[in-house]
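The next block holds one structure in the form of C-alpha coordinates; read it before the comments.
Model, not experiment: these values are computed from the prediction.
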2 protein chains.
Amino acid sequence: MTSIKIMSYIRLIFTLDLFDDKKSGMTSNKLRRQPLYEQIKSLLMRRIAEGEWQANEVLPSEWELAGELAVSQGTVRKALTELVGEGLLYRQQGRGTFVSDIASDWGDGSLVTPGLPDEHPDAIVCELLGCSRVNAAEEIAQRFAIRRAAPLLRVRQLWRVRGRTVALDDALLPAERFDGLDARWVRECGGVYAALQRRFGVRPRLQMEQLRAVTLSREEAQLLNASIDVPVLSVLRLSSSIEGEPIEWRQRYCLTEQLAYTVCRT
Amino acid sequence: MTSIKIMSYIRLIFTLDLFDDKKSGMTSNKLRRQPLYEQIKSLLMRRIAEGEWQANEVLPSEWELAGELAVSQGTVRKALTELVGEGLLYRQQGRGTFVSDIASDWGDGSLVTPGLPDEHPDAIVCELLGCSRVNAAEEIAQRFAIRRAAPLLRVRQLWRVRGRTVALDDALLPAERFDGLDARWVRECGGVYAALQRRFGVRPRLQMEQLRAVTLSREEAQLLNASIDVPVLSVLRLSSSIEGEPIEWRQRYCLTEQLAYTVCRT
DNA sequence: TAGTGGTCTAGACCACTGG
DNA sequence: CAGTGGTCTAGACCACTAG
(Lines give C-alpha, C1' and ligand atoms only; values in the text may rest on other atoms or scores of the structure.)
Protein backbone atom coordinates (compact mmCIF):
# COMPACT_ATOMS: atom_id res chain seq x y z
CA MET A 1 0.00 0.00 0.00
CA THR A 2 2.66 2.44 1.08
CA SER A 3 4.86 1.41 -1.85
CA ILE A 4 2.04 2.11 -4.25
CA LYS A 5 1.64 5.58 -2.79
CA ILE A 6 5.37 6.18 -3.13
CA MET A 7 5.41 4.97 -6.73
CA SER A 8 2.49 7.21 -7.54
CA TYR A 9 4.30 10.07 -5.91
CA ILE A 10 7.42 9.41 -7.97
CA ARG A 11 5.29 9.28 -11.11
CA LEU A 12 3.76 12.59 -10.15
CA ILE A 13 7.21 14.13 -9.85
CA PHE A 14 8.02 13.08 -13.38
CA THR A 15 4.78 14.45 -14.74
CA LEU A 16 4.89 17.59 -12.67
CA ASP A 17 5.19 19.68 -15.81
CA LEU A 18 1.53 18.97 -16.32
CA PHE A 19 0.61 20.64 -13.08
CA ASP A 20 2.98 23.55 -13.45
CA ASP A 21 1.55 27.01 -13.00
CA LYS A 22 -1.51 25.94 -11.04
CA LYS A 23 -1.44 28.83 -8.63
CA SER A 24 0.70 31.32 -10.49
CA GLY A 25 -1.86 32.21 -13.18
CA MET A 26 -1.38 35.80 -14.29
CA THR A 27 1.66 34.86 -16.44
CA SER A 28 1.12 34.87 -20.20
CA ASN A 29 -2.64 34.61 -19.93
CA LYS A 30 -2.86 34.26 -23.70
CA LEU A 31 -1.31 30.78 -23.66
CA ARG A 32 -4.30 29.17 -21.94
CA ARG A 33 -3.38 26.59 -19.30
CA GLN A 34 -5.08 23.27 -19.94
CA PRO A 35 -7.77 22.65 -17.32
CA LEU A 36 -6.74 20.42 -14.43
CA TYR A 37 -9.35 17.80 -15.25
CA GLU A 38 -8.02 17.55 -18.82
CA GLN A 39 -4.52 17.02 -17.49
CA ILE A 40 -5.85 14.32 -15.17
CA LYS A 41 -7.64 12.64 -18.08
CA SER A 42 -4.42 12.58 -20.09
CA LEU A 43 -2.46 11.23 -17.14
CA LEU A 44 -4.96 8.45 -16.49
CA MET A 45 -5.17 7.54 -20.18
CA ARG A 46 -1.40 7.26 -20.32
CA ARG A 47 -1.18 5.14 -17.18
CA ILE A 48 -3.91 2.82 -18.50
CA ALA A 49 -2.19 2.59 -21.89
CA GLU A 50 1.05 1.69 -20.09
CA GLY A 51 -0.79 -1.20 -18.49
CA GLU A 52 -0.82 0.06 -14.90
CA TRP A 53 -4.40 -1.21 -14.67
CA GLN A 54 -5.67 -4.06 -16.87
CA ALA A 55 -9.18 -4.42 -18.29
CA ASN A 56 -11.84 -4.77 -15.59
CA GLU A 57 -9.37 -3.85 -12.85
CA VAL A 58 -10.41 -1.30 -10.27
CA LEU A 59 -8.82 2.15 -10.17
CA PRO A 60 -7.92 3.90 -6.91
CA SER A 61 -10.92 5.64 -5.38
CA GLU A 62 -11.71 9.24 -6.22
CA TRP A 63 -10.37 10.39 -2.86
CA GLU A 64 -7.13 8.45 -3.27
CA LEU A 65 -6.56 9.90 -6.73
CA ALA A 66 -7.40 13.36 -5.43
CA GLY A 67 -4.82 12.91 -2.68
CA GLU A 68 -2.12 11.59 -5.01
CA LEU A 69 -2.64 14.36 -7.53
CA ALA A 70 -3.21 17.07 -4.93
CA VAL A 71 -6.52 18.21 -6.40
CA SER A 72 -10.05 18.14 -5.05
CA GLN A 73 -12.25 15.08 -5.34
CA GLY A 74 -14.70 16.98 -7.53
CA THR A 75 -12.02 17.61 -10.13
CA VAL A 76 -11.04 13.94 -10.23
CA ARG A 77 -14.72 13.10 -10.56
CA LYS A 78 -15.10 15.36 -13.58
CA ALA A 79 -12.12 13.69 -15.29
CA LEU A 80 -13.47 10.20 -14.52
CA THR A 81 -16.96 11.14 -15.71
CA GLU A 82 -15.60 12.20 -19.09
CA LEU A 83 -13.53 9.03 -19.44
CA VAL A 84 -16.66 7.00 -18.64
CA GLY A 85 -18.45 8.92 -21.39
CA GLU A 86 -15.65 8.06 -23.79
CA GLY A 87 -16.00 4.39 -22.96
CA LEU A 88 -12.57 3.96 -21.38
CA LEU A 89 -13.92 3.41 -17.85
CA TYR A 90 -17.12 2.27 -16.19
CA ARG A 91 -18.37 2.85 -12.64
CA GLN A 92 -20.39 0.87 -10.14
CA GLN A 93 -21.79 2.64 -7.12
CA GLY A 94 -20.41 1.22 -3.94
CA ARG A 95 -17.72 -0.83 -5.74
CA GLY A 96 -15.43 1.46 -7.65
CA THR A 97 -14.25 2.67 -11.05
CA PHE A 98 -13.01 0.07 -13.52
CA VAL A 99 -11.14 -0.09 -16.82
CA SER A 100 -13.40 -1.08 -19.72
CA ASP A 101 -12.95 -4.22 -21.76
CA ILE A 102 -10.95 -4.16 -24.94
CA ALA A 103 -13.05 -3.47 -28.02
CA SER A 104 -13.70 -6.25 -30.52
CA ASP A 105 -12.49 -5.88 -34.11
CA TRP A 106 -16.09 -6.19 -35.21
CA GLY A 107 -17.10 -2.86 -33.70
CA ASP A 108 -20.39 -1.74 -32.26
CA GLY A 109 -23.08 -2.94 -34.63
CA SER A 110 -24.76 -6.29 -34.25
CA LEU A 111 -26.37 -8.58 -36.80
CA VAL A 112 -30.03 -9.38 -36.18
CA THR A 113 -33.03 -10.55 -38.17
CA PRO A 114 -34.08 -7.74 -40.54
CA GLY A 115 -37.70 -7.72 -39.42
CA LEU A 116 -37.14 -5.60 -36.37
CA PRO A 117 -36.91 -7.57 -33.16
CA ASP A 118 -34.78 -6.60 -30.22
CA GLU A 119 -33.68 -10.21 -30.37
CA HIS A 120 -30.44 -11.18 -28.71
CA PRO A 121 -27.91 -11.28 -31.57
CA ASP A 122 -25.99 -14.47 -32.24
CA ALA A 123 -22.28 -14.46 -31.50
CA ILE A 124 -19.99 -13.32 -34.33
CA VAL A 125 -16.89 -15.46 -34.81
CA CYS A 126 -13.73 -14.15 -36.46
CA GLU A 127 -11.33 -16.11 -38.64
CA LEU A 128 -7.99 -14.48 -39.37
CA LEU A 129 -7.26 -15.02 -43.06
CA GLY A 130 -3.79 -13.53 -42.93
CA CYS A 131 -1.53 -10.51 -42.64
CA SER A 132 0.59 -9.04 -45.39
CA ARG A 133 2.55 -5.89 -46.12
CA VAL A 134 1.54 -3.52 -48.87
CA ASN A 135 2.58 -0.06 -49.95
CA ALA A 136 0.33 2.90 -49.24
CA ALA A 137 -1.55 4.34 -52.17
CA GLU A 138 -1.63 8.11 -52.44
CA GLU A 139 -4.98 8.68 -50.74
CA ILE A 140 -4.33 6.21 -47.92
CA ALA A 141 -0.94 7.75 -47.27
CA GLN A 142 -2.59 11.14 -46.95
CA ARG A 143 -5.13 9.73 -44.49
CA PHE A 144 -2.40 8.34 -42.27
CA ALA A 145 -0.15 11.36 -42.78
CA ILE A 146 2.68 9.11 -43.95
CA ARG A 147 4.79 9.27 -47.10
CA ARG A 148 3.53 7.74 -50.33
CA ALA A 149 4.29 4.01 -50.72
CA ALA A 150 5.14 3.71 -47.03
CA PRO A 151 4.55 0.18 -45.74
CA LEU A 152 1.10 -0.79 -44.47
CA LEU A 153 0.03 -3.87 -42.58
CA ARG A 154 -2.96 -5.50 -44.23
CA VAL A 155 -5.14 -7.79 -42.12
CA ARG A 156 -7.95 -9.85 -43.66
CA GLN A 157 -10.65 -11.40 -41.52
CA LEU A 158 -13.72 -13.47 -42.20
CA TRP A 159 -16.76 -13.26 -39.90
CA ARG A 160 -19.28 -16.03 -39.27
CA VAL A 161 -22.61 -16.27 -37.48
CA ARG A 162 -23.82 -19.79 -36.71
CA GLY A 163 -21.29 -21.14 -39.19
CA ARG A 164 -22.48 -18.97 -42.09
CA THR A 165 -20.04 -16.45 -43.54
CA VAL A 166 -21.47 -12.95 -43.09
CA ALA A 167 -18.65 -10.47 -43.60
CA LEU A 168 -15.18 -9.97 -45.01
CA ASP A 169 -12.81 -7.38 -43.52
CA ASP A 170 -9.74 -5.78 -44.98
CA ALA A 171 -7.89 -3.60 -42.48
CA LEU A 172 -4.93 -1.34 -43.22
CA LEU A 173 -2.59 0.03 -40.53
CA PRO A 174 0.59 2.11 -40.79
CA ALA A 175 3.29 -0.57 -40.38
CA GLU A 176 6.06 1.75 -39.18
CA ARG A 177 3.87 3.16 -36.45
CA PHE A 178 3.12 -0.35 -35.17
CA ASP A 179 6.46 -2.01 -35.72
CA GLY A 180 6.43 -5.73 -34.91
CA LEU A 181 2.69 -6.14 -35.27
CA ASP A 182 2.08 -9.33 -37.26
CA ALA A 183 -0.24 -12.32 -37.62
CA ARG A 184 1.20 -14.00 -34.54
CA TRP A 185 0.50 -11.01 -32.28
CA VAL A 186 -2.98 -10.56 -33.68
CA ARG A 187 -3.71 -14.24 -33.15
CA GLU A 188 -2.27 -14.33 -29.62
CA CYS A 189 -4.08 -11.20 -28.48
CA GLY A 190 -7.32 -12.28 -30.14
CA GLY A 191 -7.75 -9.39 -32.55
CA VAL A 192 -6.13 -6.34 -34.09
CA TYR A 193 -7.58 -3.93 -31.54
CA ALA A 194 -6.57 -6.12 -28.62
CA ALA A 195 -3.03 -6.31 -30.00
CA LEU A 196 -2.90 -2.53 -30.47
CA GLN A 197 -3.97 -1.98 -26.91
CA ARG A 198 -1.71 -4.54 -25.23
CA ARG A 199 1.39 -3.88 -27.29
CA PHE A 200 1.11 -0.20 -28.05
CA GLY A 201 -1.35 1.15 -25.50
CA VAL A 202 -3.62 2.43 -28.26
CA ARG A 203 -7.41 2.19 -28.11
CA PRO A 204 -9.00 2.61 -31.54
CA ARG A 205 -12.06 4.82 -31.70
CA LEU A 206 -14.48 5.03 -34.59
CA GLN A 207 -14.00 8.36 -36.30
CA MET A 208 -15.90 8.03 -39.58
CA GLU A 209 -17.94 5.43 -41.35
CA GLN A 210 -19.13 5.36 -44.96
CA LEU A 211 -21.94 3.03 -46.00
CA ARG A 212 -22.79 1.90 -49.50
CA ALA A 213 -24.58 -0.87 -51.33
CA VAL A 214 -22.31 -2.57 -53.87
CA THR A 215 -21.62 -5.86 -55.61
CA LEU A 216 -18.60 -8.06 -54.94
CA SER A 217 -15.58 -8.86 -57.05
CA ARG A 218 -15.12 -12.50 -57.98
CA GLU A 219 -12.43 -13.07 -55.35
CA GLU A 220 -14.42 -11.48 -52.53
CA ALA A 221 -17.56 -13.37 -53.51
CA GLN A 222 -15.62 -16.59 -53.35
CA LEU A 223 -14.27 -15.88 -49.87
CA LEU A 224 -17.73 -14.98 -48.64
CA ASN A 225 -19.20 -18.02 -50.36
CA ALA A 226 -21.78 -15.77 -52.01
CA SER A 227 -23.12 -15.08 -55.46
CA ILE A 228 -21.49 -12.27 -57.41
CA ASP A 229 -24.91 -10.75 -58.12
CA VAL A 230 -26.13 -10.28 -54.58
CA PRO A 231 -26.16 -6.72 -53.17
CA VAL A 232 -23.65 -6.32 -50.35
CA LEU A 233 -23.33 -3.69 -47.64
CA SER A 234 -19.97 -1.93 -47.87
CA VAL A 235 -18.69 -0.34 -44.65
CA LEU A 236 -15.61 1.84 -44.90
CA ARG A 237 -14.36 2.80 -41.44
CA LEU A 238 -11.61 5.10 -40.25
CA SER A 239 -10.50 4.62 -36.65
CA SER A 240 -8.22 6.86 -34.65
CA SER A 241 -6.61 6.99 -31.24
CA ILE A 242 -8.27 9.05 -28.54
CA GLU A 243 -5.74 11.76 -29.36
CA GLY A 244 -7.03 11.84 -32.94
CA GLU A 245 -4.15 10.06 -34.67
CA PRO A 246 -5.53 7.93 -37.54
CA ILE A 247 -4.91 4.28 -36.73
CA GLU A 248 -6.83 2.02 -39.04
CA TRP A 249 -8.64 2.04 -42.36
CA ARG A 250 -11.03 -0.87 -42.63
CA GLN A 251 -13.14 -2.01 -45.58
CA ARG A 252 -15.92 -4.45 -44.72
CA TYR A 253 -18.27 -6.29 -47.05
CA CYS A 254 -21.30 -7.59 -45.22
CA LEU A 255 -23.98 -9.98 -46.46
CA THR A 256 -27.35 -8.66 -45.35
CA GLU A 257 -29.85 -11.04 -46.91
CA GLN A 258 -30.38 -12.91 -43.65
CA LEU A 259 -29.14 -10.44 -41.05
CA ALA A 260 -29.27 -6.65 -40.88
CA TYR A 261 -26.43 -4.48 -39.60
CA THR A 262 -27.98 -2.90 -36.53
CA VAL A 263 -26.98 0.08 -34.43
CA CYS A 264 -28.78 1.06 -31.24
CA ARG A 265 -28.53 4.27 -29.24
CA THR A 266 -29.01 4.58 -25.51
CA MET B 1 -38.78 41.26 -15.83
CA THR B 2 -40.73 41.04 -12.61
CA SER B 3 -43.67 39.49 -14.41
CA ILE B 4 -41.41 36.78 -15.77
CA LYS B 5 -40.24 36.01 -12.27
CA ILE B 6 -43.80 35.84 -11.04
CA MET B 7 -44.88 33.58 -13.87
CA SER B 8 -41.95 31.32 -13.18
CA TYR B 9 -42.89 31.30 -9.54
CA ILE B 10 -46.46 30.37 -10.36
CA ARG B 11 -45.19 27.61 -12.61
CA LEU B 12 -43.04 26.36 -9.78
CA ILE B 13 -46.08 26.20 -7.53
CA PHE B 14 -47.87 24.01 -10.02
CA THR B 15 -44.89 21.73 -10.41
CA LEU B 16 -44.09 21.68 -6.76
CA ASP B 17 -44.87 18.00 -6.61
CA LEU B 18 -41.58 17.49 -8.37
CA PHE B 19 -39.68 19.14 -5.57
CA ASP B 20 -41.66 17.58 -2.77
CA ASP B 21 -39.76 15.90 0.02
CA LYS B 22 -36.45 17.59 -0.66
CA LYS B 23 -35.49 17.95 2.95
CA SER B 24 -37.71 15.36 4.57
CA GLY B 25 -35.83 12.29 3.31
CA MET B 26 -36.12 9.50 5.83
CA THR B 27 -39.65 8.66 4.69
CA SER B 28 -40.02 5.49 2.64
CA ASN B 29 -36.39 5.33 1.67
CA LYS B 30 -37.16 2.37 -0.59
CA LEU B 31 -39.08 4.53 -3.06
CA ARG B 32 -36.01 6.42 -4.28
CA ARG B 33 -36.54 10.13 -4.84
CA GLN B 34 -35.56 11.24 -8.33
CA PRO B 35 -32.41 13.36 -8.20
CA LEU B 36 -32.99 17.11 -8.31
CA TYR B 37 -31.05 17.55 -11.54
CA GLU B 38 -33.24 14.92 -13.24
CA GLN B 39 -36.35 16.79 -12.12
CA ILE B 40 -34.86 19.99 -13.49
CA LYS B 41 -34.09 18.29 -16.79
CA SER B 42 -37.69 17.11 -17.06
CA LEU B 43 -39.02 20.54 -16.18
CA LEU B 44 -36.83 22.29 -18.75
CA MET B 45 -37.68 19.72 -21.44
CA ARG B 46 -41.36 20.27 -20.80
CA ARG B 47 -41.07 24.05 -20.88
CA ILE B 48 -39.10 23.87 -24.13
CA ALA B 49 -41.64 21.46 -25.61
CA GLU B 50 -44.41 23.88 -24.63
CA GLY B 51 -42.64 26.54 -26.65
CA GLU B 52 -41.53 28.79 -23.79
CA TRP B 53 -38.22 29.20 -25.63
CA GLN B 54 -37.93 28.78 -29.40
CA ALA B 55 -34.99 27.33 -31.30
CA ASN B 56 -31.81 29.40 -30.88
CA GLU B 57 -33.36 31.47 -28.11
CA VAL B 58 -31.38 32.04 -24.96
CA LEU B 59 -32.41 30.44 -21.68
CA PRO B 60 -32.23 32.26 -18.34
CA SER B 61 -28.73 32.17 -16.88
CA GLU B 62 -27.70 29.37 -14.55
CA TRP B 63 -27.99 31.68 -11.55
CA GLU B 64 -31.46 32.86 -12.55
CA LEU B 65 -32.67 29.29 -12.99
CA ALA B 66 -31.08 28.31 -9.68
CA GLY B 67 -32.92 31.18 -8.01
CA GLU B 68 -36.27 30.35 -9.60
CA LEU B 69 -36.02 26.67 -8.74
CA ALA B 70 -34.44 27.26 -5.34
CA VAL B 71 -31.51 24.98 -5.96
CA SER B 72 -27.79 25.66 -6.22
CA GLN B 73 -26.17 26.81 -9.44
CA GLY B 74 -24.11 23.61 -9.58
CA THR B 75 -27.24 21.50 -9.75
CA VAL B 76 -28.70 23.59 -12.57
CA ARG B 77 -25.37 23.28 -14.34
CA LYS B 78 -25.46 19.49 -14.13
CA ALA B 79 -28.95 19.41 -15.63
CA LEU B 80 -27.95 21.80 -18.43
CA THR B 81 -24.77 19.83 -19.15
CA GLU B 82 -26.77 16.64 -19.67
CA LEU B 83 -29.27 18.39 -21.93
CA VAL B 84 -26.35 19.72 -23.96
CA GLY B 85 -25.05 16.17 -24.23
CA GLU B 86 -28.46 15.05 -25.47
CA GLY B 87 -28.41 17.71 -28.15
CA LEU B 88 -31.37 19.71 -26.84
CA LEU B 89 -29.27 22.74 -25.84
CA TYR B 90 -25.95 24.30 -26.72
CA ARG B 91 -23.78 26.72 -24.76
CA GLN B 92 -21.50 29.61 -25.60
CA GLN B 93 -19.18 30.93 -22.95
CA GLY B 94 -19.89 34.52 -22.14
CA ARG B 95 -23.19 34.50 -24.07
CA GLY B 96 -25.54 31.98 -22.59
CA THR B 97 -27.35 28.69 -23.04
CA PHE B 98 -29.52 28.25 -26.14
CA VAL B 99 -32.15 25.88 -27.47
CA SER B 100 -30.84 23.75 -30.34
CA ASP B 101 -32.20 23.87 -33.85
CA ILE B 102 -34.91 21.51 -34.94
CA ALA B 103 -33.60 18.29 -36.45
CA SER B 104 -33.99 17.70 -40.17
CA ASP B 105 -36.01 14.74 -41.41
CA TRP B 106 -32.88 13.51 -43.14
CA GLY B 107 -31.07 12.77 -39.89
CA ASP B 108 -27.41 12.90 -39.04
CA GLY B 109 -25.60 11.23 -41.93
CA SER B 110 -24.34 13.18 -44.90
CA LEU B 111 -23.74 12.13 -48.49
CA VAL B 112 -20.19 12.58 -49.77
CA THR B 113 -17.96 11.19 -52.49
CA PRO B 114 -17.18 7.56 -51.65
CA GLY B 115 -13.41 7.96 -52.02
CA LEU B 116 -12.92 9.37 -48.57
CA PRO B 117 -12.60 13.16 -48.47
CA ASP B 118 -13.76 15.31 -45.63
CA GLU B 119 -15.34 17.31 -48.38
CA HIS B 120 -18.16 19.68 -47.54
CA PRO B 121 -21.31 17.72 -48.41
CA ASP B 122 -23.76 19.18 -50.88
CA ALA B 123 -27.13 20.29 -49.57
CA ILE B 124 -29.87 17.68 -49.51
CA VAL B 125 -33.26 18.87 -50.73
CA CYS B 126 -36.51 17.23 -49.72
CA GLU B 127 -39.64 16.83 -51.84
CA LEU B 128 -42.81 15.77 -50.04
CA LEU B 129 -44.50 13.14 -52.20
CA GLY B 130 -47.58 12.89 -50.04
CA CYS B 131 -49.29 11.76 -46.86
CA SER B 132 -51.80 8.96 -46.51
CA ARG B 133 -53.42 6.88 -43.82
CA VAL B 134 -52.81 3.16 -43.53
CA ASN B 135 -53.60 0.51 -40.97
CA ALA B 136 -50.86 -0.85 -38.75
CA ALA B 137 -49.58 -4.31 -39.54
CA GLU B 138 -49.04 -6.62 -36.60
CA GLU B 139 -45.33 -5.98 -36.10
CA ILE B 140 -45.60 -2.22 -36.54
CA ALA B 141 -48.49 -2.10 -34.08
CA GLN B 142 -46.36 -3.91 -31.53
CA ARG B 143 -43.51 -1.46 -32.06
CA PHE B 144 -45.76 1.50 -31.38
CA ALA B 145 -47.63 -0.30 -28.62
CA ILE B 146 -50.92 0.37 -30.34
CA ARG B 147 -53.70 -2.02 -31.32
CA ARG B 148 -53.51 -3.99 -34.53
CA ALA B 149 -54.87 -2.16 -37.61
CA ALA B 150 -54.81 1.16 -35.75
CA PRO B 151 -54.41 4.11 -38.13
CA LEU B 152 -50.93 5.23 -39.14
CA LEU B 153 -49.85 8.34 -40.98
CA ARG B 154 -47.62 7.49 -43.90
CA VAL B 155 -45.31 10.20 -45.24
CA ARG B 156 -43.30 9.70 -48.41
CA GLN B 157 -40.38 11.94 -49.28
CA LEU B 158 -37.87 12.13 -52.11
CA TRP B 159 -34.36 13.49 -51.52
CA ARG B 160 -32.17 15.20 -54.08
CA VAL B 161 -28.56 16.35 -54.22
CA ARG B 162 -27.67 18.75 -57.01
CA GLY B 163 -30.90 17.82 -58.76
CA ARG B 164 -30.19 14.08 -58.75
CA THR B 165 -32.56 11.82 -56.83
CA VAL B 166 -30.60 10.04 -54.10
CA ALA B 167 -33.10 8.64 -51.60
CA LEU B 168 -36.72 7.67 -51.04
CA ASP B 169 -38.25 7.78 -47.55
CA ASP B 170 -41.35 6.11 -46.21
CA ALA B 171 -42.19 7.22 -42.68
CA LEU B 172 -44.91 5.76 -40.46
CA LEU B 173 -46.29 7.53 -37.38
CA PRO B 174 -49.11 6.60 -35.01
CA ALA B 175 -51.98 8.76 -36.32
CA GLU B 176 -54.01 8.84 -33.10
CA ARG B 177 -51.03 10.03 -31.09
CA PHE B 178 -50.49 12.91 -33.52
CA ASP B 179 -54.03 13.83 -34.35
CA GLY B 180 -54.32 16.53 -36.98
CA LEU B 181 -50.88 15.97 -38.45
CA ASP B 182 -51.22 16.02 -42.22
CA ALA B 183 -49.50 17.04 -45.45
CA ARG B 184 -50.34 20.70 -44.88
CA TRP B 185 -48.70 20.84 -41.45
CA VAL B 186 -45.65 18.94 -42.68
CA ARG B 187 -45.32 21.32 -45.59
CA GLU B 188 -45.85 24.47 -43.51
CA CYS B 189 -43.39 23.45 -40.81
CA GLY B 190 -40.85 22.23 -43.34
CA GLY B 191 -40.65 18.61 -42.31
CA VAL B 192 -42.16 15.87 -40.19
CA TYR B 193 -39.80 16.43 -37.28
CA ALA B 194 -40.33 20.18 -37.33
CA ALA B 195 -44.10 19.63 -37.29
CA LEU B 196 -43.82 17.17 -34.40
CA GLN B 197 -41.83 19.66 -32.41
CA ARG B 198 -43.92 22.77 -33.09
CA ARG B 199 -47.32 21.13 -32.81
CA PHE B 200 -46.74 18.41 -30.25
CA GLY B 201 -43.55 19.42 -28.44
CA VAL B 202 -41.90 16.16 -29.37
CA ARG B 203 -38.27 15.90 -30.45
CA PRO B 204 -37.55 12.62 -32.26
CA ARG B 205 -34.35 10.86 -31.28
CA LEU B 206 -32.72 8.05 -33.21
CA GLN B 207 -33.17 4.87 -31.24
CA MET B 208 -32.21 2.10 -33.64
CA GLU B 209 -31.03 1.81 -37.20
CA GLN B 210 -30.82 -1.29 -39.40
CA LEU B 211 -28.71 -1.23 -42.55
CA ARG B 212 -28.91 -3.61 -45.49
CA ALA B 213 -28.03 -3.82 -49.15
CA VAL B 214 -31.09 -4.65 -51.28
CA THR B 215 -32.63 -4.18 -54.71
CA LEU B 216 -35.66 -2.00 -55.41
CA SER B 217 -39.17 -2.90 -56.38
CA ARG B 218 -40.34 -1.58 -59.73
CA GLU B 219 -42.34 1.26 -58.18
CA GLU B 220 -39.52 2.44 -55.95
CA ALA B 221 -37.02 2.24 -58.80
CA GLN B 222 -39.31 4.42 -60.87
CA LEU B 223 -39.62 7.05 -58.14
CA LEU B 224 -35.86 7.10 -57.67
CA ASN B 225 -35.29 7.19 -61.40
CA ALA B 226 -32.92 4.23 -61.04
CA SER B 227 -32.41 0.83 -62.59
CA ILE B 228 -34.06 -2.10 -60.87
CA ASP B 229 -30.76 -3.99 -60.83
CA VAL B 230 -28.64 -1.50 -58.94
CA PRO B 231 -27.77 -2.31 -55.29
CA VAL B 232 -29.43 0.12 -52.89
CA LEU B 233 -28.71 0.94 -49.28
CA SER B 234 -31.74 0.23 -47.10
CA VAL B 235 -31.93 2.18 -43.84
CA LEU B 236 -34.65 1.20 -41.39
CA ARG B 237 -34.86 3.67 -38.52
CA LEU B 238 -36.88 3.75 -35.33
CA SER B 239 -37.10 7.12 -33.59
CA SER B 240 -38.49 7.82 -30.15
CA SER B 241 -39.17 10.77 -27.91
CA ILE B 242 -36.62 11.63 -25.24
CA GLU B 243 -38.87 9.79 -22.80
CA GLY B 244 -38.51 6.63 -24.89
CA GLU B 245 -41.95 6.58 -26.52
CA PRO B 246 -41.64 5.23 -30.09
CA ILE B 247 -42.54 8.01 -32.53
CA GLU B 248 -41.57 7.08 -36.04
CA TRP B 249 -40.66 4.10 -38.16
CA ARG B 250 -38.84 5.18 -41.31
CA GLN B 251 -37.73 3.10 -44.28
CA ARG B 252 -35.17 4.75 -46.54
CA TYR B 253 -33.75 3.54 -49.83
CA CYS B 254 -30.57 5.35 -50.71
CA LEU B 255 -28.64 5.29 -53.99
CA THR B 256 -24.95 5.02 -53.20
CA GLU B 257 -23.28 4.72 -56.57
CA GLN B 258 -22.22 8.37 -56.56
CA LEU B 259 -22.41 9.31 -52.90
CA ALA B 260 -21.72 7.32 -49.74
CA TYR B 261 -23.83 7.55 -46.59
CA THR B 262 -21.37 9.00 -44.10
CA VAL B 263 -21.38 9.20 -40.32
CA CYS B 264 -18.74 11.07 -38.33
CA ARG B 265 -18.04 11.00 -34.61
CA THR B 266 -16.65 13.79 -32.48
C1' DT C 1 -19.62 -1.19 9.26
C1' DA C 2 -16.16 0.88 6.28
C1' DG C 3 -15.48 2.30 1.75
C1' DT C 4 -17.21 3.48 -2.70
C1' DG C 5 -19.57 6.34 -6.07
C1' DG C 6 -23.84 9.80 -6.50
C1' DT C 7 -25.97 14.12 -5.29
C1' DC C 8 -26.07 18.78 -3.57
C1' DT C 9 -24.47 23.06 -1.63
C1' DA C 10 -21.83 27.52 -1.21
C1' DG C 11 -18.42 30.16 -2.65
C1' DA C 12 -14.30 31.52 -5.32
C1' DC C 13 -11.91 32.91 -9.41
C1' DC C 14 -11.28 32.73 -14.45
C1' DA C 15 -12.21 33.53 -19.64
C1' DC C 16 -15.17 35.14 -22.85
C1' DT C 17 -18.96 38.13 -24.82
C1' DG C 18 -21.17 42.30 -25.58
C1' DG C 19 -22.63 46.97 -24.88
C1' DC D 1 -17.89 47.08 -17.67
C1' DA D 2 -21.52 43.68 -16.13
C1' DG D 3 -23.10 39.21 -17.14
C1' DT D 4 -22.34 34.67 -18.83
C1' DG D 5 -20.51 30.02 -18.81
C1' DG D 6 -16.07 27.22 -17.23
C1' DT D 7 -13.15 25.53 -13.60
C1' DC D 8 -11.98 24.35 -8.94
C1' DT D 9 -12.45 23.80 -4.01
C1' DA D 10 -14.30 22.02 0.54
C1' DG D 11 -17.55 19.83 2.85
C1' DA D 12 -22.01 17.45 3.63
C1' DC D 13 -25.10 13.63 3.25
C1' DC D 14 -27.02 9.66 0.69
C1' DA D 15 -27.26 4.84 -1.56
C1' DC D 16 -25.00 0.90 -2.61
C1' DT D 17 -21.50 -2.96 -1.98
C1' DA D 18 -19.04 -6.22 0.47
C1' DG D 19 -16.80 -8.26 4.29
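Distances from the side chain of Arg77(B) to the nucleotides dC8(D), dG6(C), dT7(D) place dT7(D) closest. For Gln93(A), whose side chain is taken as the heavy atoms from C-beta onward, the closest listed nucleotide among dA15(D), dC8(D), dC8(C) is dA15(D).
Not one side-chain nitrogen or oxygen of Thr75(B) sits closer than 4.0 Å to the OP1 or OP2 atom of dT7(C). Residue Arg91(A) places none of its side-chain N or O atoms closer than 4.0 Å to OP1 or OP2 of dT4(C). Between Arg95(A) and the phosphate of dA18(D), there is a side-chain N or O to OP1/OP2 separation shorter than 4.0 Å. Considering only side-chain N and O atoms, Ser61(A) lies under 4.0 angstrom from the phosphate OP1 or OP2 of dT4(C). Side-chain nitrogen and oxygen atoms of Thr97(A) include none within less than 4.0 Å of the OP1 or OP2 phosphate oxygen of dT4(C).
Whole-Å rounding puts the Glu38(A) CD to dT7(D) P distance at 8 Å. The CG-P distance, from Leu36(B) to dA10(C), rounds to 12 Å in whole Å. The distance between atom CD of Glu62(A) and atom P of dG5(C), rounded to the nearest whole Å, is 5 Å. The distance from atom CG of Leu65(B) to atom C1' of dG3(D) is 14 Å, rounded to the nearest whole Å. The interatomic distance linking Ile40(A) (CD1) with dT7(D) (P) rounds to 12 Å, in whole Å. One can place CD of Glu82(A) at 8 Å from P of dT7(D), the figure rounded to the nearest angstrom. In this entry the distance linking CD of Gln34(A) with C1' of dC8(D) reads 15 Å, nearest Å. When rounded to the nearest whole Å, the span between CZ of Phe98(B) and C1' of dG5(D) equals 10 Å.
Across the strands present, dA12(C) finds its partner in dT7(D); the criterion is a Watson-Crick or G-U wobble pair with both atom distances under 3.5 angstrom.
Summary of the strand contacts: Ser72(A) and Leu59(B) both lie near DNA chain D, and taking for each the nucleotide with the nearest heavy atom, the more 5' one is attributed to Leu59(B). Heavy-atom nearest nucleotides on DNA chain D were determined for Tyr37(A) and for Gly94(A), and the one closer to the 5' end corresponds to Tyr37(A). Both Trp63(B) and Lys78(B) lie close to DNA chain C; mapped to their nearest nucleotides by heavy-atom distance, the more 5′-ward contact belongs to Lys78(B).
Stacking of Arg237(A) on the aromatic ring of Trp249(A) is not recorded, the 6.0 Å distance cut-off and the 45° axial limit not both being met. A cation-pi arrangement, defined by a distance under 6.0 Å to the six-membered ring centre and an angle within 45 degrees of its axis, is absent between Arg47(A) and Trp53(A). Figure legend: cation-pi geometry between Arg252(B) and Trp106(B), with NZ or CZ positioned under 6.0 Å from the six-membered ring centre and within 45° of its axis.
With salt bridges taken as basic N to acidic carboxylate O contacts below 4.0 Å, one links Glu245(B) and Arg177(B).
Between the side chain of Glu64(A) and the main chain of Ser61(A), a donor-acceptor pair closer than 3.5 Å is present.
Counting any heavy atom pair closer than 4.0 Å across all strands shown, Gln73(A) reaches no nucleic acid atom.
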